[in-house]
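See structure below.
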Number of protein chains: 2
Amino acid sequence: MLSITSVFARLKAVKSNKPASKAPKKQTRDLEKSRKEILDVAFMEVFTRGFQGVSIDDIVKKTSLTKGAFYHQFPTKLDFGYALVEEVISPMIIDRWITPLEQFDNPLDGILKQMKNLIGNAPPAHLKLGCPLNNLVQEMSPIDKGFHKRLQTALQLWIDETEKHLKRAKANGYLKTNVNTKQVAQFVVMAHEGFYGMLKGLDDPKAFHALYNVLEKYFEVISHH
Amino acid sequence: MLSITSVFARLKAVKSNKPASKAPKKQTRDLEKSRKEILDVAFMEVFTRGFQGVSIDDIVKKTSLTKGAFYHQFPTKLDFGYALVEEVISPMIIDRWITPLEQFDNPLDGILKQMKNLIGNAPPAHLKLGCPLNNLVQEMSPIDKGFHKRLQTALQLWIDETEKHLKRAKANGYLKTNVNTKQVAQFVVMAHEGFYGMLKGLDDPKAFHALYNVLEKYFEVISHH
DNA sequence: TTGACAACATACTAACTAGTATGTTAATGT
DNA sequence: ACATTAACATACTAGTTAGTATGTTGTCAA
C-alpha cells in the first residue's frame, strides 16, 4: 500500500481531518476522507507515470472506492489534476522545503542541509521519479491553461516563502546587504528543479555532490563571514 | 543526416517539398526523406504535447504520408521515440549549445551569450514549451528503460562537450586552475534545464535576467581577470 | 421513523489508441 | 521488359479511455 507518507518519511500529516472527534463514529461514507484517499493514491500514480500516462480506472482500482466516487469529487480529469496541485503538492512543498528552515538561525545553512537530506540522501529509486511539481510543470504547463496557472502559483509560493527566509538571513547578518533576495530565491528554486531533473536523467550518484558543491560555493560568495 | 538548424523558427513552417535543385531526381519514394519528414513533424507534436500525449494518428495526419510509412520506419511507438532522441534532439543540442562555443576565445563568454540568445531572447511562446530534452527526461525517463538510457546518453554528451570547452577555457587562462571542470559542466547543463523549467512554469519574463545574473556572478568567481 | 438527499456503486458508450493484415505501386537489377 | 521487392497506402481490430446514466444505500434532519 503506497502512500505519500511512506515515500517521504519526513512528511507530516497535513490538511484537515474530520470535524471534532468525539465518539468513534464508524462512518462508511465520508466525503473528505474519500477525497483524501483518492488524492493520496493518485499522487503516487501520477508521480510515477505522469498525468497523461495515468487513467482514472487505474486510480480507482487502487482505491477502496469506485469511479462513481471519483466523479462525485471531480467533474473531470483536469479538475482532479488541479486538486492534486493545490491540495497535495503545494502543501508538500511547504512541508518539505520551507517549514524546516524555521529551525535554522542561518537559513542558507538550512537550504543546503535540507537539500542534502531530501535529495542527496534520497535512495536512487526516489531520485528517478524526480520532483512531483517539476514533473507536472514540464508535462502539463504548456498543454492546459488551468494547470499552468496553478503550477505557476505553486512555484511562486515556493519562491516567495524562500525569499522570506533569505530576508531573514540578511536581517541576521548572514547575507550580504547588497544581494537581491528575490533573484537568489528564484535561483534557489531553479536549482532544486534543476537538481531533480538532472539526477532523474543521469544515473551518477556523485552528480549531486558536484551540483551541491557549486551551490555551496555560491552561497559563500554572497555570505558574510 | 538530420540537421535541424532552426527548429524553433519553424513552429509554423510548412513541410518543405523541395524540388531537386540539380538533376530532376523526381523520387516519389525515399526512405530517408520520409523518415526525416515524420521525425520533423513528430518533433513538434511531441515537443508541444508530450510523448504520451501524442498519437501516431495525429503525427501521420500532419504528414504527407500514412500509417503504413510510419510503421515501415518504426516497429513501435517507443522505437520512434528513441529515434527522436538520437536523431533529432541530440544533434540539436550540439548545434544549439556546443558548436557556437567554438567561435569564442573564452568559452565562458560563449555559454552566457548563447543562453541570452536562445533563452533570454526567445519569444514567450517558445519558452512555454521548455526544452525538448528536458521535457522527455521528466516525462519518459522513469517510465521506460530504453528512453532513460538514450536520454542519459544525450545528457552526458551535452555535459562532456561542455567540459571540453571548459578545459579549453582553463588552457586559455580564463578559468582558474583549481576549478573542477566536470563539476562546472554538470552545473552548467543543470542550469540550462533549470532555466528552461523555471521559465516554463513562471510567466515572468524578468525571471531570466534574475537567473542569468546569478550565473554570471558565479562565472566571475571562477574566472581569472 | 421516515423521507430526502448526499455519497457512493455499476453498467454502459462513443471515441480514441497502438498495432496488424493485406493490398498497391514505384524503383531496381538483370 | 519484367520479375522482384522495397516503400508505401488502406482497412481493420482488440483494447483502452474519459465521461455518463442510472441504480443503491448510508446518513441525518424533522
Side-chain angles (χ1 to χ4, degrees), chain A residues 16-42 45-46 48-84 139-140 143-144 146-147, chain B residues 15 17 19-20 23-42 45-46 49-84 139-140 143-144 146-147:
Chain A
S16 59
N17 20 30
K18 24 185 192 173
S21 52
K22 299 176 172 182
K25 274 170 69 179
K26 187 108 186 281
Q27 287 256 66
T28 63
R29 291 187 174 185
D30 188 326
L31 190 66
E32 279 188 35
K33 207 176 166 188
S34 296
R35 187 182 187 88
K36 194 179 183 322
E37 183 185 352
I38 292 172
L39 285 175
D40 203 26
V41 166
E45 291 298 301
V46 172
T48 53
R49 293 157 54 192
F51 183 78
Q52 296 183 105
V54 145
S55 74
I56 290 159
D57 285 318
D58 288 337
I59 293 172
V60 297
K61 220 165 276 174
K62 297 209 167 192
T63 297
S64 69
L65 304 158
T66 65
K67 214 168 202 178
F70 184 95
Y71 278 98
H72 187 64
Q73 298 271 357
F74 313 105
T76 151
K77 195 191 180 188
L78 280 175
D79 288 293
F80 145 72
Y82 302 160
L84 245 193
E139 183 188 2
M140 296 307 298
I143 294 177
D144 179 77
F147 253 112
Chain B
K15 57 185 179 185
N17 270 340
K25 219 176 139 192
K26 204 165 139 202
Q27 287 258 64
T28 63
R29 290 185 176 186
D30 187 325
L31 189 67
E32 279 188 36
K33 206 175 168 189
S34 296
R35 187 182 187 87
K36 191 181 182 328
E37 183 184 353
I38 292 172
L39 285 175
D40 205 24
V41 165
E45 291 297 301
V46 171
R49 294 158 53 193
F51 183 77
Q52 296 183 104
V54 145
S55 75
I56 290 160
D57 286 317
D58 288 337
I59 291 171
V60 297
K61 220 166 276 174
K62 296 210 166 191
T63 297
S64 69
L65 304 158
T66 65
K67 215 169 199 175
F70 184 96
Y71 278 98
H72 187 65
Q73 299 272 355
F74 313 106
T76 151
K77 195 192 178 187
L78 280 174
D79 288 293
F80 145 73
Y82 302 161
L84 246 192
E139 183 189 2
M140 296 308 298
I143 295 177
D144 179 77
F147 254 111

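Below, chain A is the first sequence line, B the second, and so on; all start at residue 1.
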Exercise for the section: Name the closest nucleotide to the A/Ile56 side chain, picking from C/dA18, D/dT17, D/dG19. Expected result: D/dG19
Exercise for the section: List for me each residue that meets side-chain contact (heavy atoms from CB on, under 4.5 Å) alongside B/Ser55, sequence neighbours excluded, and say none if there are none. Expected result: B/Asp57, B/Asp58
Practice task
Output yes when at least one side-chain N/O atom of A/Gln27 is less than 4.0 Å from OP1 or OP2 of D/dG26, else no.
Solution key: no
Exercise for the section: Please report, rounded to the nearest Å, how far the P atom of C/dT20 is from the CZ atom of B/Phe74. Expected result: 16 Å
Problem - Integer-rounded Å distance: C/dT17 C1' and B/Phe51 CZ - result: 13 Å
Handout entry: Between C/dA7 (P) and A/Glu37 (CD): distance, integer Å
Key = 16 Å
Fill in the blank from the handout: By side chain to side chain donor-acceptor pair (under 3.5 Å), B/Gln73 pairs with (sequence neighbours left out) B/Arg35
Handout entry: Which residues share a ring pair (Phe, Tyr, Trp, His ring centres under 6.0 Å) with A/Tyr82, sequence neighbours left out
Key = A/Phe147
Fill in the blank from the handout: Contacts of A/Thr48 meeting side chain to side chain donor-acceptor pair (under 3.5 Å) (sequence neighbours excluded), chain-then-number -> none
Handout entry: Nearest-Å distance for atom pair CG/P, residues A/Asp57 and C/dC16
Key = 18 Å
Completion exercise
Rounded to whole Å, CD of B/Gln52 lies from P of D/dA18 at a distance of 12 Å
Practice task
Would you mind reading off the distance between A/Asp79 atom CG and D/dT20 atom C1', rounded to a whole angstrom?
Solution key: 16 Å
Handout entry: Reading 5' to 3' through nucleotides 8-14 of chain C, protein heavy-atom contacts under 4.0 Å coded B for base, S for sugar-phosphate only, - for none
Key = SBB----
Practice task
Scan B/Val54 against the nucleic acid and name what it touches under 4.0 Å (heavy atoms): base, sugar-phosphate only, or nothing.
Solution key: sugar-phosphate
Problem - For A/Glu37, salt bridge (Lys or Arg N to Asp or Glu O under 4.0 Å) partners two or more places apart - result: none
Completion exercise
Exactly one candidate in B/Ile38, B/Val41, B/Val60, B/Ile59 meets side-chain contact (heavy atoms from CB on, under 4.5 Å) with B/Leu65; the answer is B/Ile38
Practice task
May I have the distance from A/Ile59 (atom CD1) to D/dT17 (atom C1'), rounded to whole angstrom?
Solution key: 12 Å
